Enquirer: 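Submitted below is the structure of interest, expressed as structure tokens.
For the single chain, residues carry numbers from 1 onward in sequence order. Treat the numbers as computed from the prediction; the structure is a model and nothing was measured. Just so you know, these numbers use all the heavy atoms, side chains as well, and skip hydrogens, waters and symmetry mates.
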Amino acid sequence: MHTVIVGGGFAGVKAALEISKKQLGKITLISDQPYFLHHATLYATATGRSTGESVVPLSDIFANHHDVDVVLDTMESIDAKQHIVVGKEKTYHYDNLVVAIGVVTTYFGIKGMDKHSFGIKTLDEVSEFKNHIKSEILSDKKLDTNYVIIGAGPTGVELAGALQAYLLELCDTHMVKHAGVNITLVEAAPKILPHSSNTANKKIQKRLEKLGVTVLVNHKVEALSDRTIMIDGKRIPTHTAVWTSGVANHPFFATQPEIFTLLDKGPRPVIVDDHMQAYEDIYVLGDNAAVPNAGVAWTALRSAIFIADHLARKMTQRPFKKYHYPKPTESFPIGDGWAYTEWRGIYAAGKTGYLLRRFMEKKNYLALLPRTQAVGAWKSHTIRESD
């Protein structure tokens, strides 16, 4: 049996590892990047932490899995009748196809947002953001007037909580005077973290405000230029607006309507059955699937473990199981040594929440890497890169 997996994120990598562990035949993992990118830690990489916790080479992950062939390529189309994936470089025949290619950024048509905002969803975006901040400090010898973060989901609140300390550290390192840092977090919804509990919302907003972050909820960003941002009709001067909101399903799925049916709301994920199947022998995992709690690492890992078991049952003609969607633990680090962590209504905030968050991160690394490498990546969070 030959399983082709497209996507080098949590779902794709974990699926390849689990299928390999079960010795279900040849595995080809197609990725457009030679590394696994841990998106949940990019806020830390963007604020001075080591890239070691965000970037793990795929060659390291699969060093001891000789049945996994990692290929750098981009999927362009699927011939479902012939069981072929067409890539830019070559074609790949499959018996089973697993697609987990992640989401893309959308700006909701806000004028100037695509041209003038920064992002932290890719390594290139993180590098551009950091270079911008350093350039202003080194060339202008001062901080920006206002730093505006648009979108108070997990990435937004975590970046807002870490940004001030990073800016002040840079100023101290380069002996630049600072008269305080103005950081504003803007959210169009009535509360930050719109999909989390009211307790999470209140505790985290209080923490952000304690750190000096101005939190604006029920505020709509209307336009952005290279000098100002328009929020509810008011212009605010800024050269540094960071877009952490807005995702849409990968546009690839819309190009193959004969194979994929999209949910007609929100980011328009792919509709799958109880076995994560979107079409005969084609499975969709991770952020791309229309399942509860999509968009978090825990769900991606769980769906990957499920699909490996499902393919084993399929191969040995055993009865199939249905995929279940238990609610994952939520955790949001806000500044050094503080996090809010919640599971089924039970929460911990502060140092205890932070220790739980670090435990969760370690567990995620262990799900992908041998223990020594996993611990090394996990410990990279404590390393600050020289600026």
Side-chain angles (χ1 to χ4, degrees), residues 33 37-51 53-55 102-140 142-171 174 176 178 181-188 192 208 211-216 219-231 235-248 333-335 384-385 387:
Q33 300 287 352
L37 192 62
H38 194 339
H39 286 89
T41 62
L42 281 177
Y43 84 93
T45 302
T47 52
R49 304 286 184 174
S50 170
T51 56
E53 69 170 335
S54 297
V55 182
V103 292
V104 297
T105 300
T106 180
Y107 298 99
F108 303 126
I110 299 173
K111 184 179 178 181
M113 192 61 66
D114 58 338
K115 294 181 180 179
H116 301 296
S117 68
F118 295 91
I120 60 165
K121 294 178 181 177
T122 68
L123 280 186
D124 287 343
E125 288 182 347
V126 167
S127 179
E128 184 181 7
F129 172 65
K130 293 175 72 175
N131 288 339
H132 164 75
I133 291 176
K134 293 174 192 176
S135 175
E136 289 211 323
I137 289 175
L138 294 175
S139 60
D140 298 339
K142 62 180 181 180
L143 296 171
D144 198 351
T145 306
N146 296 293
Y147 296 83
V148 183
I149 299 168
I150 306 130
T155 302
V157 299
E158 291 163 7
L159 178 63
L163 184 56
Q164 184 181 67
Y166 176 57
L167 293 170
L168 297 182
E169 281 179 11
L170 283 176
C171 287
H174 299 290
V176 173
H178 54 79
V181 178
N182 299 315
I183 298 172
T184 301
L185 178 64
V186 187
E187 173 57 52
I192 64 172
L208 287 169
L211 292 173
V213 178
T214 300
V215 179
L216 302 178
H219 279 65
K220 185 178 179 181
V221 174
E222 297 163 335
L224 177 67
S225 72
D226 61 343
R227 296 180 179 273
T228 63
I229 187 168
M230 179 81 78
I231 303 174
R235 290 189 183 278
I236 299 173
T238 183
H239 297 133
T240 315
V242 187
W243 179 259
T244 63
S245 184
V247 293
I334 312 296
R384 287 204 170 273
E385 294 189 334
D387 291 301

Enquirer: At their closest point, which heavy atom of A160 faces which heavy atom of V213, and how far apart are they?
Expert: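 For A160 and V213, the tightest heavy-atom pair comes out as O-CG2, 3.6 Å.
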
Enquirer: If you look at every heavy atom in L42 and V126, which pair is closest and at what distance?
Expert: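 Closest approach of L42 to V126, heavy atoms only: CD2-CG2, 4.2 Å.
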
Enquirer: What is the distance from atom CG of L167 to atom CD of E136, rounded to the nearest 0.5 Å?
Expert: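 Output value for this atom pair is 10.0 Å.
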
Enquirer: Judged by atom type as modelled, is there a donor-acceptor pair below 3.5 Å linking the side chain of S139 to the main-chain atoms of S135?
Expert: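 Side chain of S139 to backbone of S135, a donor-acceptor pair under 3.5 Å: yes, one is there.
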
Enquirer: Under the 3.5 angstrom rule, does the side chain of D144 hit a backbone N or O of H239 as a donor-acceptor pair?
Expert: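 Yes; judged by distance alone, with no hydrogens or angles, the pair exists.
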
Enquirer: Is it true that a side-chain atom of T228 and a backbone atom of S225 form a donor plus acceptor pair closer than 3.5 Å?
Expert: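 Looks like no, no N/O pair under 3.5 Å.
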
Enquirer: Roughly how far apart are T47 OG1 and Q164 CD, rounded to 0.5 Å?
Expert: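 One finds 12.5 Å between OG1 of T47 and CD of Q164.
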
Enquirer: Measure from the side-chain N and O atoms of T41 to the backbone N and O of A44, and report whether any donor-acceptor pair falls under 3.5 Å.
Expert: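 Answer holds: no.
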
Enquirer: Is there a donor in the side chain of T155 and an acceptor in the side chain of T244, or the other way round, less than 3.5 Å apart?
Expert: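 Looking only at side-chain atoms, T244 and T155 do not form any donor-acceptor pair under 3.5 Å.
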
Enquirer: How long is the straight-line distance from OH of Y147 back to CD1 of I149, given to the nearest 0.5 Å?
Expert: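 Those atoms lie 11.0 Å apart.
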
Enquirer: Within this structure, what is the OG1-NZ distance for the pair T45 and K130, rounded to the nearest 0.5 Å?
Expert: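 With rounding to 0.5 Å, OG1 (T45) is 7.0 Å from NZ (K130).
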
Enquirer: How long is the straight-line distance from CG of L37 back to OG of S54, given to the nearest 0.5 Å?
Expert: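 Going from OG on S54 over to CG on L37, the span is 6.5 Å.
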
Enquirer: Quick one: side chains of residues 107-121, donor-acceptor pairs under 3.5 Å with protein atoms, not counting sequence neighbours, listed by atom name and distance.
Expert:
{"residue": "S117", "atom": "OG", "partner": "M113", "partner atom": "O", "Å": "2.6"}
{"residue": "K121", "atom": "NZ", "partner": "S245", "partner atom": "O", "Å": "3.4"}
{"residue": "K121", "atom": "NZ", "partner": "G246", "partner atom": "O", "Å": "3.4"}

Enquirer: Just how far is it from atom NE2 of H174 to atom CD1 of I137, taken to the nearest 0.5 Å?
Expert: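 One finds 6.5 Å between NE2 of H174 and CD1 of I137.
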
Enquirer: For the backbone of N146 and the side chain of T238, can you confirm whether one donor and one acceptor N or O come within less than 3.5 Å of each other?
Expert: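 Yes, the answer is positive, given that a donor and an acceptor are paired below the 3.5 Å cut-off.
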
Enquirer: How close do I334 and G161 get, counting heavy atoms only, and between which atoms?
Expert: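 The pair with the smallest heavy-atom distance is CG2-CA, 3.9 Å.
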
Enquirer: I'd like to know if the side chain of W243 reaches the main chain of G151, judged simply by a donor and an acceptor atom lying under 3.5 Å from each other, with no hydrogens or angles considered.
Expert: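 Judged by distance alone, no pair lies under 3.5 Å.
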
